[in-house]
Undergrad: 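Once you've had a glance at the structure underneath, I'll fire off some questions.
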Amino acid sequence: PNPTAGKLTVFLTENSEGSVISVFDATGRVVQSASVQNALRKDFDISALMNGVYVVKVQSRGNTYSQRVILNK
């Protein structure tokens, strides 16, 4: 859901081998990152972060996708 209270699930539409998912804060700093292998989803717990707007970026096979997420606990 967006906004979220802390749980974030990223669904991938294709084979995720070699994909990297990163969560950025408003200053552009990476606050969480994970490599994904052979999965179509990745769960993140961002509840320890401060309320605000974050950007989730998925880099996969030369393509980059991003989405804003609002954290509101």
Side-chain angles (χ1 to χ4, degrees):
N2 196 7
T4 181
K7 183 175 179 169
L8 176 63
T9 301
V10 177
F11 292 95
L12 302 166
T13 59
E14 60 185 37
N15 184 338
S16 62
E17 187 173 337
S19 296
V20 176
I21 303 171
S22 302
V23 180
F24 296 84
D25 66 11
T27 67
R29 183 177 58 107
V30 176
V31 292
Q32 286 192 25
S33 185
S35 296
V36 182
Q37 301 294 328
N38 300 321
L40 292 176
R41 68 180 256 178
K42 177 65 179 166
D43 296 319
F44 289 90
D45 180 2
I46 61 170
S47 61
L49 301 175
M50 294 179 62
N51 286 345
V53 177
Y54 294 85
V55 174
V56 178
K57 186 181 287 186
V58 179
Q59 295 175 295
S60 177
R61 297 182 183 198
N63 296 313
T64 301
Y65 308 94
S66 62
Q67 176 72 44
R68 286 187 304 158
V69 175
I70 299 169
L71 176 62
N72 187 15
K73 301 179 266 182

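Since this is a predicted model, take the numbers as computed values, not measurements.
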Undergrad: My understanding is that only residues two or more places apart in sequence, or in another chain, count here; which of them pass side chain to side chain donor-acceptor pair (under 3.5 Å) with Thr27?
TA: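 By the side chain to side chain donor-acceptor pair (under 3.5 Å) rule, Thr27 matches Asp25.
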Undergrad: Show me the pairs that pass salt bridge (charged side-chain N to carboxylate O under 4.0 Å, His left out) and involve residues 53-65, at least two apart or across chains.
TA: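 Output for this query is empty, none listed.
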Undergrad: Apply side-chain contact (heavy atoms from CB on, under 4.5 Å) to Thr64 and Val58, showing your working.
TA: CA-CA 6 Å; Thr64 301; Val58 179; over 6 Å; no
Undergrad: Under the side chain to side chain donor-acceptor pair (under 3.5 Å) test, which residues partner Asn72, sequence neighbours left out?
TA: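 For Asn72, no residue satisfies side chain to side chain donor-acceptor pair (under 3.5 Å) once neighbours in sequence are set aside.
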Undergrad: Specify the closest pair of heavy atoms between Val55 and Ser66, including all atoms of both residues, with the distance to one decimal.
TA: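 Closest approach of Val55 to Ser66, heavy atoms only: CG1-CB, 4.0 Å.
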Undergrad: Decide yes or no for Val20 and Val36: does some side-chain heavy atom of the first lie under 4.5 Å from some side-chain heavy atom of the second?
TA: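 Side chain of Val20 against side chain of Val36, heavy atoms only: no contact under 4.5 Å found.
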Undergrad: Among all residues two or more places apart in sequence or in another chain, which pass the side chain to side chain contact (heavy atoms under 4.5 Å, CB included) test with Leu40?
TA: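 Applying side chain to side chain contact (heavy atoms under 4.5 Å, CB included) to Leu40 gives none.
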Undergrad: Given Pro3, which partner from the list Ile70, Val53, Leu71 fulfils the side-chain contact (heavy atoms from CB on, under 4.5 Å) test?
TA: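 Among Ile70, Val53, Leu71, the one meeting side-chain contact (heavy atoms from CB on, under 4.5 Å) with Pro3 is Ile70.
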Undergrad: Would you mind telling me which of Thr4, Val23, Val10 makes a side-chain contact (heavy atoms from CB on, under 4.5 Å) with Val69?
TA: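 Single side-chain contact (heavy atoms from CB on, under 4.5 Å) partner of Val69 among Thr4, Val23, Val10: Thr4.
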Undergrad: Side-chain contact test, heavy atoms from C-beta onward, threshold under 4.5 Å: evaluate it for Ile21 versus Val56 and give yes or no.
TA: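 They are in contact (side-chain heavy atoms under 4.5 Å apart), so the answer is yes.
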Undergrad: Looking at residues at least two apart in the chain, or sitting in another chain, which of them share a salt bridge (Lys or Arg N to Asp or Glu O under 4.0 Å) with Arg68?
TA: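 Per chain and number, Arg68 pairs via salt bridge (Lys or Arg N to Asp or Glu O under 4.0 Å) with no residue.
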Undergrad: Do Val31 and Phe24 share a hydrophobic cluster, counting only Ile, Leu, Val, Met, Phe, Trp and Tyr and linking them when any side-chain heavy atoms are less than 4.5 Å apart?
TA: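 Result: no, two separate clusters.
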Undergrad: Measuring only between side-chain heavy atoms, which start at C-beta, is Tyr65 closer than 4.5 Å to Asn63?
TA: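 SC-SC contact between Tyr65 and Asn63 confirmed.
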Undergrad: Side chain to side chain donor-acceptor pair (under 3.5 Å): which pairs involve residues 33-53, sequence neighbours left out?
TA: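 Qualifying pairs: Thr9-Asp43, Ser22-Ser33, Arg41-Asp43, Asp45-Ser47.
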Undergrad: Using the test side chain to side chain donor-acceptor pair (under 3.5 Å), find all partners of Ser19 that sit at least two apart in sequence or belong to another chain.
TA: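 Applying side chain to side chain donor-acceptor pair (under 3.5 Å) to Ser19 gives Ser60.
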